[in-house]
Amino acid sequence: MKAYYERRAAEYDDWWRGTGRFVERHRPGWDEEVAALRRSLEALPPARTLDVACGTGFLTRHLRGEITGVDQSASMLELAQARVPAGRFIQADALELPFADQSFDRLFTSFLYGHLEEADRLAFLREARRVAGELVVVDSALNDEVEPVEWQERVLNDGSRWQVYKRFFASEQLAEELGGGRTLFAGRWFVAVQS
Ligand SMILES: C[S@@+](CC[C@H](N)C(=O)[O-])C[C@H]1O[C@@H](n2cnc3c(N)ncnc32)[C@H](O)[C@@H]1O
């Protein structure tokens, strides 16, 4: 996953914006849902927040409070830092966070959890609980066009092909996996749970 996302950094926001390779994707209501998801994040009370696997900072910029972002990809972090100048961005592994216990009020993560296979998922949740009291997870919603678990073939602009593990969630199922929580957002494309 590391090499894939490093290579994808410069074209990553095409997925959010429906540009580049994503122009031809049929995603009814996508832009409206991105805006609604953004509003639900902006409505969270300001907090000392760690955004794990922040990517280009596309959602990070809508989190309020004192923001730290981590990602394993240097190119992603560079884009995130430019987008959120007041934030602190650090290259680190989500499964081994370089922070003391309970250093943050909230750990936020978007579109990482669903890429983790079981052992990594459990390691991530242990780390998340160790460094923060609250957990907010945003991920892809289960809808009639996808399977709950897929191995997807992804193609980048340079023609390279990558196999990516990907899960899709109903918000109740995600909340249960996180050990309980409330749905912040549930749409056709995205779910967000606060635990
Ligand atoms: C699908 S992108 C999501 C980016 C961003 N959170 C968003 O919502 O746009 C997944 C991100 O997770 C990062 N990532 C994957 N595995 C990681 C790990 N073990 N530790 C840190 N970052 C990781 C990738 O580099 C990539 O930036």
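Atoms within each ligand, like the ligands themselves, are counted from 1 in listed order. Just so it is clear, the structure is predicted and the values come from calculations on it, not from any experiment.
- Phe111 and Trp15 have their aromatic ring centers within a separation under 6.0 angstrom.
- Among protein heavy atoms, atom 20 (N) of ligand 1 sits closest to Ala94 N, 2.8 Å.
- For the pair Thr56 and ligand 1, the shortest N or O to N or O distance does not fall below 3.5 Å.
- Glu118 and Arg121 are not joined by a salt bridge, as no carboxylate oxygen comes within less than 4.0 angstrom of a charged side-chain nitrogen.
- Under 4.0 angstrom from ligand 1, the non-hydrogen atoms of Ala92 all belong to its backbone.
- Heavy atoms of Trp16 approach ligand 1 to within less than 4.0 angstrom.
- Met76 and Phe22 fall within the same hydrophobic cluster, where Ile, Leu, Val, Met, Phe, Trp and Tyr residues are linked whenever their side-chain heavy atoms come under 4.5 Å apart, directly or through other members.
- Under the 6.0 Å cut-off for aromatic ring centres, Tyr113 and Phe169 qualify, their centroids lying closer than that.
- Listed by atom number, the atoms of ligand 1 under 4.0 Å from Ser73 heavy atoms are 25 (O).
- Note on Val164 and Trp16: same hydrophobic cluster, where clusters join Ile, Leu, Val, Met, Phe, Trp and Tyr whose side-chain heavy atoms are under 4.5 Å apart, directly or indirectly.
- Both the backbone and the side chain of Asp93 come within contact range of ligand 1, each with a heavy atom under 4.0 Å.
- Figure legend: Arg61 and Phe58 shown as a cation-pi pair, the cationic atom lying under 6.0 angstrom from the six-membered ring centre and within 45 degrees of its axis.
- Here is the list of ligand 1 atoms found below 4.0 Å of a heavy atom in Met76: 27 (O).
- Among all protein heavy atoms, the one lying closest to atom 8 (O) of ligand 1 is Ser110 OG, 2.6 Å.
- In terms of protein heavy-atom proximity, atom 15 (C) of ligand 1 is closest to Gln72 NE2, 3.3 Å.
- Of the possible polar contacts, none joining the Glu33 side chain to the Gly187 backbone as a donor-acceptor pair under 3.5 Å is found.
- The distance criterion of under 3.5 Å between nitrogen or oxygen atoms is met by Asp71 with respect to ligand 1.
- Backbone and side-chain nitrogen or oxygen atoms of Ala53 are examined, and one is located within less than 3.5 angstrom of a nitrogen or oxygen of ligand 1.
- Proximity of Phe111 to ligand 1, defined as any heavy-atom pair under 4.0 Å, is shared by backbone and side chain alike.
- Taking the ring centroids of Trp30 and Phe190, they lie under the 6.0 Å cut-off.
- Using a non-hydrogen distance threshold of 4.0 Å, Tyr12 registers as a contact of ligand 1.
- Under a 3.5 Å cut-off, the side chain of Gln194 and the backbone N or O of Leu184 do not form any donor-acceptor pair.
- Compare Tyr4, Tyr5, Phe58, Tyr113 by their heavy atoms: the one nearest to atom 1 (C) of ligand 1 is in Tyr5.
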